[in-house]
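Counting starts at 1 for both ligands and their atoms, following the listed order.
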Amino acid sequence: MNKKSVKDIDVKGKVVFCRVDFNVPMKDGQVTDDTRIRAALPTIEYLTGQGAKVVLASHLGRPKGEVVEELRLNAVAEKLQELSGKNVVKTDEAYGDTVKAEIAKLEEGGVLLLENVRFYPGEEKNDPELAKAFADLADIYVNDAFGAAHRAHASTEGIAKHIPAVAGFLMEKELEVLGKALSNPERPFTAIIGGAKVRDKIGVIQNLLDKVDNLIIGGGLAYTFIKALGHDVGKSLLEEDKVDLAKSFLDQAKEKGVNFYMPVDVVVADDFSNDANTQIVSIDSIPSDWEGLDAGPKSREIYADVIKNSKLVIWNGPMGVFELDAFAGGTKAVGEALAEAKDTYSIIGGGDSAAAVEKFGLADKMSHISTGGGASLEFMEGKELPGVVALNDK
Ligand SMILES: Nc1ncnc2c1ncn2[C@@H]1O[C@H](COP(=O)(O)OP(=O)(O)O)[C@@H](O)[C@H]1O
Ligand SMILES: O=C(OP(=O)(O)O)[C@H](O)COP(=O)(O)O
């Protein structure tokens, strides 16, 4: 990497604004998967060990510039305290005089976690004033939030214009591992794209079609493609205005010789809950008031077969609503197929996908679990990540 890292600067006694991606899955106010917090520990431990005063910043969810009580970072601070064994001061704001006063009280090696940076409208707009307000808190900026590196926001990009800006260890490691695997990919190369962020992910497919041999579409993303084939999707997740785009991807895959796989059958439910009535239906028979929440058994078999015959697989986004046991089967099947495919290099990307393999006890069987979903996809597309570009060159 041609960017400076924490090792290239002296941080002793300095206030370091360290952007991390603590956008972790939560339920009932508790952190349900701490992968992203654990992944940031090496940088935090290095900085504190060097005598820096560490000010951590993260987003959680998509509060859209407003305070959303459930998206405060208090539970994350507690989890960090437990995992790091260090006292973590938590502020209820992310900049300003109160925060400055708390930072002034920090000792060398102390850790403070700011409030969710997305409570401020300026964060996602990359407002220069907010970026300056963040920079005013610290002497040095460290970006260790690989999962948010594809976002040009005030705390991931704007701030780097004001103070020395370097990469953390997680950022470095992700770029190195992904760079190695994806610069000259082993073939057959398969991408599996699922999850719920349809708008984010559908655009990525265009570039993937020039890179991969096989493309598997699953999860909530699949229904826009099922619709593109002319089928009704009932109450399933659907981006109506992306149906034509999905249609064009189906055509392009044919032209480019990419094998395109999507579900042939799905598990539909009459309610978004574990107690819902469910049926397995072919994709041309989704009942109008039911929603598709998982891949069906035939689809799982097809996916497993493709995985078994691939040398490199990048998987981003669960195949169904795996958080509910009734709809976890498709995601589990893909995880198990990857775990069994010993000659296949498997890269898992995304907060929820990482949580899924962790939940099924398969995490140690994957070649690399990336903390970034969208970020790893954009990296794979060959796009420059704004959070990386903004850092100081070596
Ligand atoms: N068919 C579906 N309908 C609705 N939500 C789905 C469906 N399949 C998967 N999901 C949801 O997608 C979410 C993860 O999506 P996303 O954020 O795109 O993945 P990642 O964090 O791995 O990048 C999970 O919470 C899962 O419940
Ligand atoms: O969870 C994240 O992305 P991911 O779901 O693609 O892994 C990152 O924290 C970025 O979050 P965002 O997609 O709301 O900007």
Worksheet item: Any chain of hydrophobic side-chain contacts (each under 4.5 Å) joining Phe22 to Phe134?
Response: yes
Distance-only polar pair, side chains of [X] and [Y], donor-acceptor under 3.5 Å:
X      : Y      : result
Glu123 : Ser155 : yes
Thr91  : Glu102 : no
His153 : Arg19  : no
Gln206 : Gln252 : yes

Discussion item. Below a 4.0 angstrom heavy-atom separation, can you tell me which part of Lys201, side chain or backbone, both or neither, approaches ligand 2?
Written reply: neither
Discussion item. With a heavy-atom distance limit of 4.0 Å, tell me whether Arg36 approaches ligand 2 through its side chain, its backbone, both, or neither.
Written reply: side chain
Does an N or O anywhere in [X] fall below 3.5 Å from an N or O of ligand 2?
X      : answer
Gly351 : yes
Gly374 : yes
Gly61  : no
Thr371 : no

With heavy atoms of [X] as the reference, note each atom of ligand 2 found under 4.0 Å away.
X      : value
Asp21  : 8 (C), 9 (O)
Gly350 : 7 (O)
Arg151 : 12 (P), 13 (O), 15 (O)
Arg118 : 11 (O), 12 (P), 14 (O), 15 (O)
Arg62  : 12 (P), 13 (O), 14 (O)

Response to the item:
Paired with Arg72, the salt bridge (Lys or Arg N to Asp or Glu O under 4.0 Å) test is passed by just one of Glu115, Glu93, Glu78, namely Glu115
Response to the item:
Heavy-atom proximity to atom 4 (P) of ligand 2, picking from Lys197, His59, His150, points to Lys197
Nearest 0.5 Å, what's the [atom1]-[atom2] distance between [X] and [Y]?
X      : Y      : atom1 : atom2 : answer
Lys132 : Lys161 : NZ    : NZ    : 13.5 Å
Leu73  : Leu114 : CG    : CG    : 9.0 Å
Glu176 : Met171 : CD    : CE    : 14.0 Å

Discussion item. Centre-to-centre under 6.0 Å for Phe249 and Phe260, is that the case here?
Written reply: no
Discussion item. Tell me which residues fall inside the under-4.0 Å heavy-atom shell around ligand 1.
Written reply: Gly195, Ala196, Lys197, Lys201, Gly219, Gly220, Tyr223, Gly292, Leu293, Asn316, Gly317, Pro318, Gly320, Val321, Glu323, Gly349, Gly350, Gly351, Asp352, Ser353
Item to complete: With sequence neighbours excluded, give me every salt bridge (charged side-chain N to carboxylate O under 4.0 Å, His left out) pair touching residues 255-281.
Response: Asp210-Lys256
